[in-house]
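All values below were derived from every heavy atom in this structure, side-chain atoms included, with hydrogens, water molecules and symmetry-related copies excluded. Letters A, B, ... mirror the listed sequences (proteins, then strands); counts begin at 1.
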Protein chains: 2
Amino acid sequence: MKRNKLWRLRTEEYSKAAFETLSEEGLSGTTVEKVAKRAGVSKTNVLHYFGNKARLLEMALRYGNADLAREVSALLIRSNTPWERVYSVIEANFSRQFFTPKIAHAWLSLLAEIPYNPSYQRIQTAIHQRMRSNLMHALEQLAERERAEEVALAISVMIDGLWLRCGLHEGGIGRDTALQQMELLMESLFPSSPARLAAKARIDEIQSILNPG
Amino acid sequence: MKRNKLWRLRTEEYSKAAFETLSEEGLSGTTVEKVAKRAGVSKTNVLHYFGNKARLLEMALRYGNADLAREVSALLIRSNTPWERVYSVIEANFSRQFFTPKIAHAWLSLLAEIPYNPSYQRIQTAIHQRMRSNLMHALEQLAERERAEEVALAISVMIDGLWLRCGLHEGGIGRDTALQQMELLMESLFPSSPARLAAKARIDEIQSILNPG
DNA sequence: CTAGTTATAGACCAACGAGTCTATAAAAAT
DNA sequence: ATTTTTATAGACTCGTTGGTCTATAACTAG
């Protein structure tokens with residue numbers, strides 16, 4: 001069991017295939033065979049790398065998060081102010097490539113299994129924890145700790161809720177509505193803050209340069 | 001196939017059993033047999049009433065919503081002002097009996113299937129539509145239509161997000177945190193509004209009378 | 001170049017689950 | 001009271017699925 005280049009390559013490939021299958025077929029419709037077929041290999045081979053289905057889906061969860069994490073990082077390293085860091089988290093979560101019903105479906109499918117699988121639970125906890133941490137680092141410089149805590153929670157809960165809606169009604173909520181909702185929240189939480197608005201504008205611009213369309 | 005008293009009784013019983021099974025076993029762990037066993041009858045009998053598993057789960061979804069709808073109604077009919085109606089929707093959604101990880105799990109399980117089943121989709125759309133409608137009737141008397149629309153969406157998205165979190169991390173978010181988050185949102189959206197705060201207090205009181213504990 | 005290791009696939013197996021068939025008990029209708 | 005309908009269950013079927021066993025091809029190390 002040597003973790004070669006090949007090993008990493010295959011696990012990445014198959015995790016991706018699993019994530020995509022999940023998004024198209026739902027949890028009940030996702031079988032090891034289908035994932036293998038989508039990746040153009042045999043079911044046995046997929047099992048060879050992951051051992052069992054649970055670990056395959058676990059890696060699919062990680063895979064889906066990795067994309068998002070990269071997007072966040074890309075914006076975060078270009079941020080110079082606390083407000084810019086806050087908006088990095090927000091914008092990354094609603095990036096045009098990622099905030100789509102397809103991907104939201106995959107998320108939903110995985111989320112539904114989390115309560116019944118401690119392993120998924122740990123991963124998801126880590127994901128939420130990181131989002132919270134990113135927000136807190138920024139918000140602590142903008143408000144007292146207590147308030148920063150509840151604002152961070154509000155932001156991340158709202159993000160979750162918008163993803164949920166995105167996956168639920170096809171064509172109901174898209175990037176624009178989502179960002180508008182986030183802005184309604186931010187403007188209410190921190191009214192008339194020029195620094196905030198400047199940061200929003202800058203991150204918005206960076207985002208549209210990094211990821212045009 | 002006469003829809004007798006017995007018919008309604010059984011469908012109600014079995015829908016409930018399905019909902020509970022869902023919450024304890026998750027979607028993948030929910031089988032017709034388990035639901036039947038929980039209801040103390042044979043699998044055949046359950047199938048006799050529902051025809052197939054999809055319709056059983058569909059009724060489970062309706063069942064779960066019926067409870068919530070009753071709770072909302074109970075508060076709504078006792079409301080006298082727009083603000084009270086807004087808080088009726090909010091409080092009902094975080095009632096002590098309903099806002100529990102168990103129930104949130106069942107919801108999550110069903111939500112994950114919605115994108116892949118038009119029938120569930122219609123039901124869920126109706127549910128969201130009714131929440132929106134309840135909120136809009138009240139909010140239109142408190143703000144311009146445009147603003148009412150986006151505020152109604154913000155409120156319901158936040159409610160969804162809090163339910164999601166409740167189901168995700170056991171012991172993470174409970175009724176208190178949830179209501180505190182909703183209040184953060186409402187206070188930010190409508191700062192220093194005595195009428196709003198009075199309404200909140202009244203509905204809170206009514207709720208704790210209707211549903212003590 | 002050879003020996004061992006890794007990658008990949010095909011056939012197979014055992015479990016399980018949804019739904020049907022058949023039979024009988026209960027109830028309703030005539 | 002008898003006949004028809006409804007309710008319930010047990011046995012069974014058939015497809016699916018996760019996972020294993022076995023075989024072979026490809027690659028790596030010495």
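If you check every strand for non-hydrogen atoms under 4.0 Å, Thr31(B) touches sugar and phosphate atoms only.
Under 4.0 angstrom from either OP1 or OP2 of dA9(C) there lies at least one side-chain N or O belonging to Asn45(A). The phosphate of dT6(D) (OP1 or OP2) has no side-chain N or O of Arg10(B) nearer than 4.0 angstrom. Checking the phosphate oxygens (OP1, OP2) of dA7(D), a side-chain nitrogen or oxygen of His48(B) falls inside 4.0 Å. In this structure, Thr44(B) does not reach the dA9(D) phosphate: none of its side-chain N or O atoms is under 4.0 Å from OP1 or OP2. The phosphate of dT8(D) (OP1 or OP2) has a side-chain N or O of Tyr49(B) nearer than 4.0 angstrom.
Within 3.5 Å, no donor on the side chain of Lys43(B) pairs with an acceptor on the base of dA9(D), nor the reverse.
Taking every side-chain heavy atom of Ser42(A) into account, dA9(C) is the closest of dG19(D), dA9(C), dA18(C). In the set dA7(C), dG19(D), dA18(C), dA18(C) carries the atom at the smallest distance from any side-chain atom of Val32(B).
Between the P atom of dA26(D) and the CG atom of Asn4(A) lies a distance of 18 Å, rounded to the nearest Å. Asn52(B) has its CG atom 11 Å from the P atom of dA18(C), to the nearest Å. Rounded to whole angstrom, the span from the CZ atom of Phe50(A) across to the P atom of dA7(C) amounts to 13 Å. Rounding to whole angstrom units, CG of residue Leu27(A) and C1' of dG18(D) are separated by 14 Å. Atom C1' of nucleotide dG18(D) and atom CG of Leu56(A) are separated by 12 Å, given to the nearest angstrom. In this entry the distance linking CG of Leu6(B) with C1' of dT8(D) reads 11 Å, nearest Å. For Glu25(A) and dT16(D), the CD to P distance is 14 Å, given to the nearest whole Å. With rounding to whole Å, Lys37(B) atom NZ is found 13 Å from dG17(C) atom C1'.
Environment of NZ in Lys34(B): crowded, with over 12 heavy atoms of neighbouring residues, nucleotides or ligands closer than 6.0 Å. Taking a 6.0 Å sphere around NZ of Lys53(B), one finds it holds more than 12 heavy atoms contributed by other residues, nucleotides or ligands. The environment of CD in Gln97(B) is crowded: more than 12 heavy-atom neighbours from other residues, nucleotides or ligands sit within 6.0 Å.
The residues Glu58(B) and Arg62(B) are annotated as salt-bridged, a charged nitrogen and a carboxylate oxygen being separated by less than 4.0 angstrom.
Side chains of Asn45(A) and Arg10(A): a donor-acceptor N/O pair is absent below 3.5 angstrom, by distance only.
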